[in-house]
Every structure is written in C-alpha cells, then in structure tokens.
Amino acid sequence: MARIIAGVGSSHVPAIGAALDNGKTEEPYWKRVFSGFVKSQEWMRETKPDVAIIVYNDHASAFSVDLIPTFALGCAAEFPPADEGWGPRPVPVVKGNPALASHIAQSVILDEFDLTICNKMEVDHGMTVPMNLLFGKVDKNGHWPCPVIPLAVNVVMYPPPTGHRCYMLGRAIKKAVESYPDDLRVVIFGTGGLSHQISGPRAGLINSKWDKNFLDNLSKDPQKLVKIPHIDYMREAGAEGIEMVMWLIMRGALDDKVDEVYRFYTVPASNTAVGHIILENRARGGKAAGKRKPAAGKLKRAAASAKVHRVRSR
Ligand code: DHB
Ligand code: FE
C-alpha cells in the first residue's frame with residue numbers, strides 16, 4: 001500500500017528561483033532565505049520519498065483567463081518548465097507518475113471532487129521554486145530526485161476554492177493514496193504564501209502575527225483554519241495571501257496528529273513572508289513507511305524566527 005509519510009509547506013516566491021538561476025545565493029539578502037532550507041534538504045535526502053505530490057498554483061503560465069480549472073491534476077509522464085516571460089527556468093523537466101496520478105484522479109473524482117485531468121502541462125515557479133528549496137539546485141541536464149504529481153489550484157481568479165474544500169480534498173487524496181497497491185512513500189507539498197500583496201495601495205503588506213498563528217494551527221489545530229473565509233485572508237494576509245489555502249490540502253492529506261519537525265520563517269523575500277514547515281505523520285512504521293527512525297527531534301524545530309515584523313494590514 002502507498003502511504004503519505006509527511007507534508008511540507010513552502011513559499012514559492014519567483015525571485016528565489018531567479019536568485020538561484022543567477023548565482024546570487026551567497027548575497028546576504030538571499031543567504032538569509034536559503035539558510036532556512038539547509039536542514040530541510042538534509043531531511044529530504046534522508047526521507048527519500050518515492051513520489052511527491054505538489055499542490056501549487058499556476059500563475060497564468062499553463063492556464064489563463066480562457067481556462068480556469070479549480071483543481072487540475074497532472075497525469076502526464078513529464079512536465080516541462082514554463083516560459084514565464086524570460087525563458088524557461090534552467091531546471092530539469094519534471095517527471096510525473098501517470099499510474100499513481102490516474103489512480104488519484106479516479107479515486108478523488110468518484111469521491112465527488114471534480115478534478116480537471118491534465119495530460120499535457122507546463123509548470124511555473126509555483127512548483128519549481130519549492131522543488132529547488134527542498135531538493136536543492138538541480139541544473140537543466142540533471143534529474144529531480146523523485147517523480148512529482150502536480151496539483152494546480154486556482155487561487156488567482158475569483159472564486160478560489162474554500163479552505164474547507166481544500167482540506168477535504170486533502171482527505172480524499174489521503175484515501176486515494178492509501179488505496180494504491182504499490183508500496184510507495186509519498187510526501188505532499190502545500191506551496192504559496194505566506195502573507196503578501198504584490199500590487200495596489202497595500203503592496204508590500206506582510207502580517208507576521210497572522211502567519212505565525214496559521215503555522216501554529218496548521219501543526220496543532222487545523223480545524224481552526226478550515227473555517228477562515230476568503231475575505232479574512234484578503235484583509236489580514238493580503239490579496240495573494242489566499243495562496244495559503246493550498247497548505248490546507250497538504251494538511252488534510254496528513255493524519256490528525258502530526259509531529260512538526262521543522263519550521264522556518266523570514267521576512268521578506270521580494271514582497272513575501274517566506275514560511276516553511278515540515279510535518280511528519282506519526283505512523284511511519286510498516287514496509288511502505290520504511291524502517292528509519294522518525295526524524296522528529298533530529299532537526300531543530302525553529303531554525304529562524306521573524307526578525308522583522310512588518311505588520312501593515314489595516
Ligand atoms: C511574488 C510572490 C508570489 O507568490 C508570486 O507568485 C509572484 C511574486 C513576490 O513576492 O514578488
Ligand atoms: Fe504566487
């Protein structure tokens with residue numbers, strides 16, 4: 001049986017990708033950001049998932065105002081990096097897992113979640129930046145360490161799905177994975193956020209208090225988050241803060257009780273508060289989950305904290 005062993009939350013700021021691609025990671029501004037992912041990359045190398053499901057949002061790269069799927073699952077064998085205006089990022093083509101992806105599509109659709117199935121799709125910074133942050137820098141001719149199933153969520157055009165709908169989709173994905181016969185160890189990513197607004201009079205808004213509360217509840221009491229209406233994300237976390245609903249899909253796919261093994265938060269990267277968390281399911285025993293000890297306790301729970309509090313909402 002396949003099993004989800006852990007969830008990862010990570011921001012996806014495109015300038016992080018540009019810093020990597022243009023050799024700026026040693027500059028103090030970017031070093032502060034990348035320093036928070038060194039332990040995570042160790043965790044990922046040790047965890048060695050067989051597959052990653054990455055919940056992310058497309059930023060008008062694969063889709064546009066002509067076509068706005070609420071939830072789109074990538075069932076293709078590969079996903080090339082999209083040209084976002086200055087050529088595709090110099091990262092490898094992402095290999096998929098069509099067999100598991102099709103199984104998830106069938107299970108979830110029969111569970112009454114109407115996914116769009118994508119058999120051809122390019123992927124943008126929303127997916128490739130968190131992949132770099134967790135898997136490290138991999139150049140164009142290299143290989144990502146595991147296949148990835150992309151799940152694109154519309155958080156760009158109104159109306160995005162509710163937090164509750166996202167959490168319940170996560171639940172359905174958990175059920176789908178657990179009904180897959182092969183022994184696969186799966187990690188699920190929730191990406192985007194945390195608080196940010198990139199245009200309009202409130203551009204630059206960051207709300208560290210809100211972000212910390214979100215991370216605390218994501219770890220301990222996600223039911224408190226599923227009821228938050230869109231308008232609260234907009235008011236408190238900025239127009240693009242709505243990306244945070246994608247983290248609830250990741251959380252819904254995990255067990256009720258999880259171990260938070262790592263957290264990182266820094267402000268800002270570009271316009272955004274960078275948040276990152278690793279949550280492990282406690283039931284990692286059995287063949288599918290591997291025989292290794294849980295990583296909890298090995299990593300520092302909070303590597304860095306918000307040194308700058310720029311709470312400018314309302
Ligand atoms: C920024 C953040 C995003 O999530 C995004 O998709 C685009 C830009 C930013 O901080 O500049
Ligand atoms: Fe974004």
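Here, residue 1 is the first one in the sequence, and each next residue gets the next number. As the structure lists them, so they are numbered: ligands from 1, and atoms in each ligand from 1. Here the structure is a predicted model, which is why all the values come from computation and not from measurement.
Side-chain contact between T47 and I5: present, with at least one pair of heavy atoms (C-beta onward) separated by less than 4.5 Å. Proximity of L279 to S219: side-chain heavy atoms (C-beta onward) are separated by under 4.5 Å at one or more points. Looking at V186 and Y180, their side chains never come closer than 4.5 Å, going by heavy atoms from C-beta outward.
Under the side-chain contact (heavy atoms from CB on, under 4.5 Å) test applied with Y56, the options M127, M131, E243 reduce to a single match, M127.
Proximity of a side-chain donor or acceptor of E84 to a complementary backbone N or O of H125 within less than 3.5 Å is detected. Here the side chain of Q197 pairs a donor or acceptor atom with the backbone of S199 at under 3.5 angstrom.
Outside the 6.0 Å centre-distance limit, the rings of F113 and F71 are not counted as a close aromatic pair.
The pair R282-D255 fails the salt-bridge criterion, with no side-chain N (NZ, NE, NH1 or NH2) lying under 4.0 Å from an Asp/Glu carboxylate O.
Protein atoms that are N, O or S and lie under 2.8 Å from the Fe ion (ligand 2) are these: H12 NE2, H59 NE2, E243 OE2.
Taking the six-membered ring where tryptophan is involved, the planes of Y262 and H276 are perpendicular, since the angle between them exceeds 60° and thus also 30°.
Contact residues for ligand 1 (protein heavy atom closer than 4.0 angstrom to any ligand atom): H12, V13, P14, H59, H125, H196, I198, E243, A269, S270, N271, T272.
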